[in-house]
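What you see is a predicted model, and the numbers here were worked out from it, not measured in a lab. Every chain is numbered from 1 and lettered A, B, ... according to where its sequence line falls, protein lines coming before strand lines. All values below come from the heavy atoms of this structure, side chains included, with hydrogens, waters and symmetry mates left out.
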Amino acid sequence: MAKPALPQGTRDFPALVVRKRNHIFSTIKQAFELYGFQPLETPAMENIDTLMGKYGEEGDKLIFKILNNGLDRSEKHITAKNDFEKLLEGKTIKGITERALRYDLTIPFARYVAMNHGQLIFPYKRYQVQPVWRADRPQRGRYREFYQCDADVVGSYSLLNEVELASIYSRVFEKLKINVEIKINSRKILAALAEICGGAEKMPDITIAIDKLDKIGLDKVKEELLQRNLSAAQVGIIENFLKISGGNESMLHQAEELVGNTESGKKGIEELRFILSYQAPNSNVKIDFTLARGLNYYTGVIFEVKALDVQIGSIGGGGRYDDLTGLFDVPGIPGVGISFGVDRIYDVMEELNLFPDDVITGPQLLFFNLGENEARHAFSLLQQLREKGIAGEIYHESSKFDKQFKYAEKKAIPYVVIIGSKELENNSCVLKHLQSGEQQTLTTGQLLTYSF
RNA sequence: GAGGUUGUAGCUCAGUUGGUUAGAGCGUCAGUUUGUGGCACUGAAGGCCGGGGGUUCGAGACCCCUCAUCCUCCCCA
């Protein structure tokens with residue numbers, strides 16, 4: 001037997017980590033619920049047709065495919081071998097693989113909406129917190145299995161949805177005590193920029209290049225734009241656009257001068273202005289015209305959340321898209337959504353020491369086991385405490401104090417309850433707080449009403 | 001898909017120009033200690049040196065292959 005190991009790019013989460021992650025998950029879920037979003041869960045696997053072709057050529061390669069069962073049956077050998085030949089050519093063959101692991105939450109959501117649009121109440125607001133799988137090469141902060149936390153509203157063009165989603169971001173990060181800036185931009189403004197720099201077909205080139213600004217700097221972006229066949233004059237316009245800075249309103253003015261004479265430019269600026277009009281004066285929502293977001297399906301307002309006190313990539317992002325379910329032959333359902341990057345949020349909180357102490361506690365007390373009769377009595381008291389919602393344990397066997405103390409200490413259990421023959425006799429117990437070393441003798445009645 | 005890093009005890013790591021029986025710290029277990037832990041002392045268990053091949057009288061160390069790992073790029077969260 002080989003040494004046990006994890007599959008590449010996956011992780012085990014020990015108790016403390018699970019508790020911390022759950023703290024993040026539950027904070028996010030509470031916020032989603034508070035804004036009227038409803039939970040949705042979809043299967044780990046989808047039919048391969050549902051996923052293939054939805055994430056671009058690169059994406060298709062990163063989808064984990066599931067091998068069909070029963071290929072060893074002799075009557076299937078000939079077709080299986082033929083199919084496998086085609087598989088080797090890089091095609092996806094249903095005879096070999098009919099199913100694949102979920103690659104993100106958006107496409108399964110779209111599939112769900114397309115299948116159930118007759119029954120759903122629109123606008124449909126759902127949130128979904130589940131793992132996804134990608135056959136990517138793992139590296140720092142990148143895994144083959146990771147959680148996504150998405151909330152989307154579909155079936156509504158109202159910008160009020162954008163306002164609400166921005167507000168969810170604010171609320172969640174405030175609760176988690178992470179200082180953030182919520183950056184917004186509009187793809188319509190970027191479309192307008194493309195329009196005056198060579199036409200709409202330049203849009204992907206421009207957004208892909210701009211998206212890298214943070215990482216590679218202005219000069220390299222200009223270089224890349226030139227490589228993508230934009231003229232020096234056009235690159236100059238883009239540079240001016242990217243250099244727009246100042247307060248939100250001032251930035252909108254400057255953008256107006258550059259792209260305000262186009263239809264989509266006007267529209268995009270109007271949208272941003274509307275959303276900003278809902279923000280409090282000290283709001284952390286900030287225009288960032290250099291924000292592009294790589295995904296090409298975004299068509300309207302786009303978001304990205306940046307942590308201010310830690311050098312790390314974005315910890316959340318999202319935006320509006322025109323036609324979620326068109327790929328599944330149900331046209332005309334627009335939507336807008338956001339997503340939280342849980343792994344990075346975790347790293348930020350760990351680095352800034354933001355996890356509250358009470359998320360990391362397990363059981364409150366340990367009953368010592370000092371013999372058969374003592375244990376029976378301790379067990380009955382423990383059960384009564386559990387009825388009151390107090391988590392506790394009884395040591396699994398009668399043994400030396402030393403061992404039982406060390407067990408409690410290692411599990412970070414704050415209290416131990418000692419019931420030996422003396423205590424058994426006079427119906428009392430010794431309650432000891434490990435950290436302070438203080439202990440007191442209580443009657444069992446007092447123990448049952450003690451506030452831990 | 002491209003480039004690099006590191007694989008030695010449960011964990012973190014030493015191991016000299018190739019030389020006898022591969023070490024330390026932490027952790028684990030037992031004892032000093034059968035009603036009060038953290039400390040101390042004593043002792044014990046724990047290793048196909050990632051795997052395979054080669055060079056050599058001799059390989060943990062050198063060479064080749066392979067697997068795993070982490071990191072960077074592409075792409076993405």
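- For the pair A:Gln8 and B:U69, the criterion of a side-chain N or O lying under 4.0 Å from OP1 or OP2 is met.
- With distances taken from any side-chain atom of A:Arg137 to the nucleotides B:G35, B:G3, B:A77, the minimum falls on B:G3.
- Base pairing analysis places B:G1 opposite B:C73; the two distances defining the Watson-Crick or G-U wobble pair are each below 3.5 Å.
- B:U8 and B:C73 have their C1' atoms separated by 32 Å, given to the nearest Å.
- Remark: B:U42 base-pairs with B:A30; criterion is Watson-Crick or G-U wobble with both hydrogen-bond distances under 3.5 Å.
- Residue A:Gly341 is out of contact with every strand shown, counting any heavy-atom pair closer than 4.0 Å.
- On a pure distance criterion of 3.5 Å, no polar donor-acceptor pair joins the side chain of A:Lys400 and the base of B:U33.
- If you measure from atom CZ of A:Arg134 to atom P of B:C75, you get 15 Å, rounded to the nearest angstrom.
- Checked against B:G37, B:A77, B:G35, the side chain of A:Gln148 finds its nearest nucleotide in B:A77.
- A cation-pi geometry, defined here as NZ or CZ lying under 6.0 Å from the six-membered ring centre and within 45° of its normal, does not hold between A:Arg144 and A:Phe64.
- Within the 4.0 Å cut-off from OP1 or OP2 of B:C75, at least one side-chain nitrogen or oxygen of A:Lys212 is found.
- At a cut-off of 3.5 angstrom, counting only N and O atoms as typed in the model, there is a donor on one side and an acceptor on the other between the side-chain of A:Gln439 and the base of B:U36.
- Comparing B:A77, B:C75, B:U36 by their nearest atom to the side chain of A:Glu58 picks out B:C75.
- At whole-Å resolution of the value, CD in A:Glu304 and C1' in B:C76 are 12 Å apart.
- Between A:Ile178 and A:Ala307 the shortest heavy-atom distance is CG2-CB, 4.3 Å.
- Rounded to whole Å, atom C1' of B:A77 lies 13 Å from atom CZ of A:Arg21.
- When heavy atoms are screened at a 4.0 angstrom cut-off, A:Tyr143 is found touching base atoms of the nucleic acid.
- Look at A:Glu224 and A:Lys212 and you find a salt bridge, because one of the NZ, NE, NH1 or NH2 atoms lies within 4.0 Å of a carboxylate O, short of that distance.
- If you check the side chains of A:Ser398 and A:Glu372, you find no donor sitting under 3.5 Å from an acceptor.
- Under the 6.0 Å distance and 45° angle rule, A:Arg320 does not count as a cation-pi partner of A:Tyr298.
- Within the shown strands, B:A68 is the pairing partner of B:U6 under the Watson-Crick or G-U definition, both distances less than 3.5 Å.
- Counting to the nearest Å, the C1' atom of B:C76 and the CG atom of A:Asp60 are 15 Å from each other.
- Looking at heavy-atom distances under 4.0 Å, A:Gly141 makes contact with a base.
- As a whole-Å value, the separation of A:Phe401 CZ from B:G38 P is 13 Å.
- Rounded to an integer number of Å, the gap from OH of A:Tyr297 to P of B:C76 is 11 Å.
- For A:Arg142, whose side chain is taken as the heavy atoms from C-beta onward, the closest listed nucleotide among B:A77, B:U33, B:G38 is B:A77.
- Nucleotide B:G35 holds its P atom 14 Å from the CG atom of A:Asn369, rounded to whole Å.
- Nucleotide B:G25 forms a pair with B:C11, judged by Watson-Crick or G-U wobble geometry with both contacts under 3.5 Å.
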Please list each protein N or O that sits under 3.5 Å from an N or O in nucleotides 25-29 of chain B, with the distance.
| from | atom 1 | to | atom 2 | distance (Å) |
| --- | --- | --- | --- | --- |
| B:U28 | OP1 | A:Lys410 | NZ | 3.1 |

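- With B:U72, B:G38, B:U36 as the choices, the nucleotide that has an atom nearest any side-chain atom of A:Glu409 turns out to be B:G38.
- Taking a pair to require two hydrogen-bonding distances under 3.5 Å in either a Watson-Crick or a G-U wobble arrangement, B:C62 pairs with B:G54.
- A cation-pi arrangement is not found for A:Arg111 relative to A:Phe328, the charged atom failing to lie both closer than 6.0 Å to the ring centre and inside a 45° cone about the ring normal.
- When distances run from any side-chain atom of A:Glu423 to the nucleotides B:U72, B:G37, B:G35, the shortest one goes to B:G35.
- Across all strands, A:Leu370 comes closer than 4.0 Å to no nucleic acid atom at all (heavy-atom distances).
- B:U17 makes up no base pair with any nucleotide shown, lacking Watson-Crick or G-U wobble contacts both under 3.5 Å.
- Between A:Lys54 and A:Asp104, none of the side-chain N atoms (NZ, or NE/NH1/NH2) sits under 4.0 Å from a carboxylate O, so this pair counts as no salt bridge.
- Partner A:Ile206 forms a side-chain contact (heavy atoms from CB on, under 4.5 Å) with one of A:Val221, A:Leu190, A:Leu230 and no other, that one being A:Leu230.
- A:Lys220 has its NZ atom 12 Å from the C1' atom of B:C73, to the nearest Å.
- Only one option out of A:Tyr147, A:Phe173, A:Tyr127, A:Phe146 pairs with A:Phe340 in a ring pair (Phe, Tyr, Trp, His ring centres under 6.0 Å); it is A:Phe173.
- Here A:Gln139 does not reach the OP1 or OP2 of B:C71: none of its side-chain N or O atoms lies under 4.0 Å away.
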